[in-house]
Amino acid sequence: MNQEKILITGANGQIGTVLTEALQERYGVDNVIATDLRQPEHQQGIFEVLNVLDGEKMDHLVQKYNVTQIYHLAAILSASGEKDPRGTWKINMDGLFNVLDTAKNRNVSKIFFPSSIAVFGKDTPREFTPQNTVMLPTTVYGISKVAGELWGQYYFEKYGLDVRSIRYPGIIGYQSLPGGGTTDYAVDIYHKAVKGEHFSCFLKEGTTLPMIYMPDAIRATIELMEAPAEKITVRTSYNLAGMSFAPEEIAEAIQRNILSFQVSYDPDPLRQSIAESWSASIDDNQAKQDWGWQPEYDLETMTRDMIMNLEKKYAVV
Ligand code: SER
């Protein structure tokens with residue numbers, strides 16, 4: 001196999017931070033080019049400043065490093081996106097087109113494009129949401145992800161570009177923080193708990209959402225990208241499930257480990273309405289069948305691992 005050279009956009013983000021390291025371990029530090037708007041404070045390996053709206057620079061970097069794969073993670077998330085709909089549309093769509101066109105014109109053979117449970121809307125079956133279903137999202141982020149899925153499929157069918165995608169649930173990890181999403185509370189809650197602080201939740205009790213632990217999300221991404229092309233029957237984006245819970249359930253799971261932890265509920269109308277438009281649980285049988293997906297973590301095992309790792313993190317600072 002030829003040596004892969006992987007370029008990542010949004011490498012400083014919640015997923016990018018962890019995925020960059022995982023890809024460096026797997027493919028070698030010198031074969032991964034991390035890019036983002038700003039140079040991070042601590043950076044191991046190759047980093048280049050890149051605004052995904054700058055197609056020329058993207059093209060230049062792809063040539064400079066002989067890039068063969070792009071993981072395009074840069075995007076504005078659901079809650080932030082509502083503050084500037086047109087700006088979000090521009091970043092999420094033009095950024096994707098720059099990636100797809102650069103790949104098509106150069107020697108890039110594989111693209112990863114993250115989609116999201118945000119593609120679903122109020123008319124989608126909420127429980128065990130099927131792979132193929134009604135997708136009428138209400139957020140600009142969700143609209144851009146549905147459109148992005150379809151454009152990925154279009155470039156695959158018209159130009160033979162090997163675009164692969166996962167509809168991520170909310171992702172929970174200790175290594176990095178999410179920014180501007182509706183599922184962010186489920187990360188913040190652990191930080192507050194480990195620091196011995198009270199947590200005020202921006203979603204109501206009973207708001208069940210699909211979530212996944214970071215190691216499962218990273219493993220799913222790499223497994224999908226490494227699967228033989230003939231196994232990939234879905235060229236829009238794969239449903240993926242880890243676990244599903246409501247705020248009071250994650251709070252109780254934490255309280256089983258940190259007895260003094262206290263939570264109150266102060267719903268934010270925007271994020272509450274976004275959450276209510278999304279699925280509660282996901283049918284990911286297609287991913288299981290096609291490329292052998294299997295999640296490892298549930299709420300209890302994730303909670304123990306999150307707390308252990310955050311305790312270490314806060315003990316050293
Ligand atoms: N976690 C994302 C958000 O809340 C969903 O993809 O916006």
Side-chain angles (χ1 to χ4, degrees), residues 9-10 12-19 71-85 87-89 91-93 95-96 112-122 124 126 129 135-149 152 165-191 201-204 207-214 216-218 220-221 236-247 250 267-282 284 287 302 306:
T9 71
N12 298 349
Q14 187 200 8
I15 304 170
T17 308
V18 188
L19 188 61
Y71 285 66
H72 175 47
L73 305 179
I76 308 288
L77 292 188
S78 60
S80 299
E82 295 309 290
K83 296 186 191 121
D84 178 13
T88 299
W89 181 252
I91 291 169
N92 291 7
M93 294 315 297
L96 174 62
F112 179 74
F113 168 69
S115 186
S116 159
I117 51 167
V119 295
F120 303 125
K122 288 192 191 326
T124 308
R126 254 183 86 70
T129 301
M135 295 202 294
L136 298 170
T138 51
T139 61
V140 64
Y141 172 69
I143 303 171
S144 74
K145 289 297 181 189
V146 174
E149 287 187 7
S165 177
I166 285 173
R167 290 176 186 145
Y168 288 130
I171 302 181
I172 298 163
Y174 57 86
Q175 301 96 326
S176 53
L177 292 172
T182 301
T183 56
D184 299 12
Y185 90 87
V187 178
D188 196 23
I189 193 170
Y190 285 107
H191 286 262
C201 187
F202 62 67
L203 294 183
K204 281 186 207 158
T207 315
T208 302
L209 287 170
M211 302 274 185
I212 192 166
Y213 194 33
M214 184 69 84
D216 275 344
I218 298 293
T221 307
T236 49
S237 188
Y238 278 98
N239 274 9
L240 194 82
M243 60 192 91
S244 283
F245 56 78
I250 185 173
D268 163 42
L270 172 66
R271 287 175 289 188
Q272 184 63 39
S273 76
I274 294 176
E276 284 174 13
S277 76
W278 291 353
S279 303
S281 60
I282 300 289
D284 62 354
M302 171 178 79
M306 277 296 283

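Values reported hereafter were calculated over all heavy atoms of this structure, with side chains retained and with hydrogens, waters and symmetry mates removed. Read the numbers this way: they start at 1 and go in the same order the structure lists the ligands and their atoms.
Near W278, meaning under 4.0 Å from any of its heavy atoms, are these atoms of ligand 1: 3 (C), 4 (O), 5 (C), 7 (O). Those atoms of ligand 1 with a heavy atom of T182 less than 4.0 angstrom away are 3 (C), 4 (O), 7 (O). The ligand atoms of ligand 1 that sit less than 4.0 angstrom from a heavy atom of Y141 are 5 (C), 6 (O), 7 (O). Within the listing of ligand 1, atoms 7 (O) sit less than 4.0 angstrom from a heavy atom of L77.
Residue R167 comes nearest to S237 through the heavy atom pair N-OG, 3.1 Å, listed as atom of the first residue, atom of the second, then distance. Considering all non-hydrogen atoms of both residues, T183 and L209 come closest at CG2-CD1, 4.1 Å. Closest heavy-atom contact between R126 and T208: NH2-O, 3.3 Å. Considering all non-hydrogen atoms of both residues, T138 and E82 come closest at O-OE1, 4.4 Å.
Checked by distance only, ligand 1 and S78 come closer than 3.5 Å through their nitrogen or oxygen atoms.
The heavy atom nearest to atom 1 (N) of ligand 1, considering only I76, V187, T183, D184, is found in T183.
Ranking protein heavy atoms by distance to atom 5 (C) of ligand 1, first place goes to S116 OG, 3.4 Å.
With sequence neighbours excluded, the residues satisfying ring pair (Phe, Tyr, Trp, His ring centres under 6.0 Å) with Y238 are W291.
Checked by atom type, the side-chain pair S78/T139 shows no donor-acceptor distance below 3.5 Å.
The proximity of Y185 to ligand 1, defined as any non-hydrogen pair under 4.0 Å, does not occur for either the backbone or the side chain.
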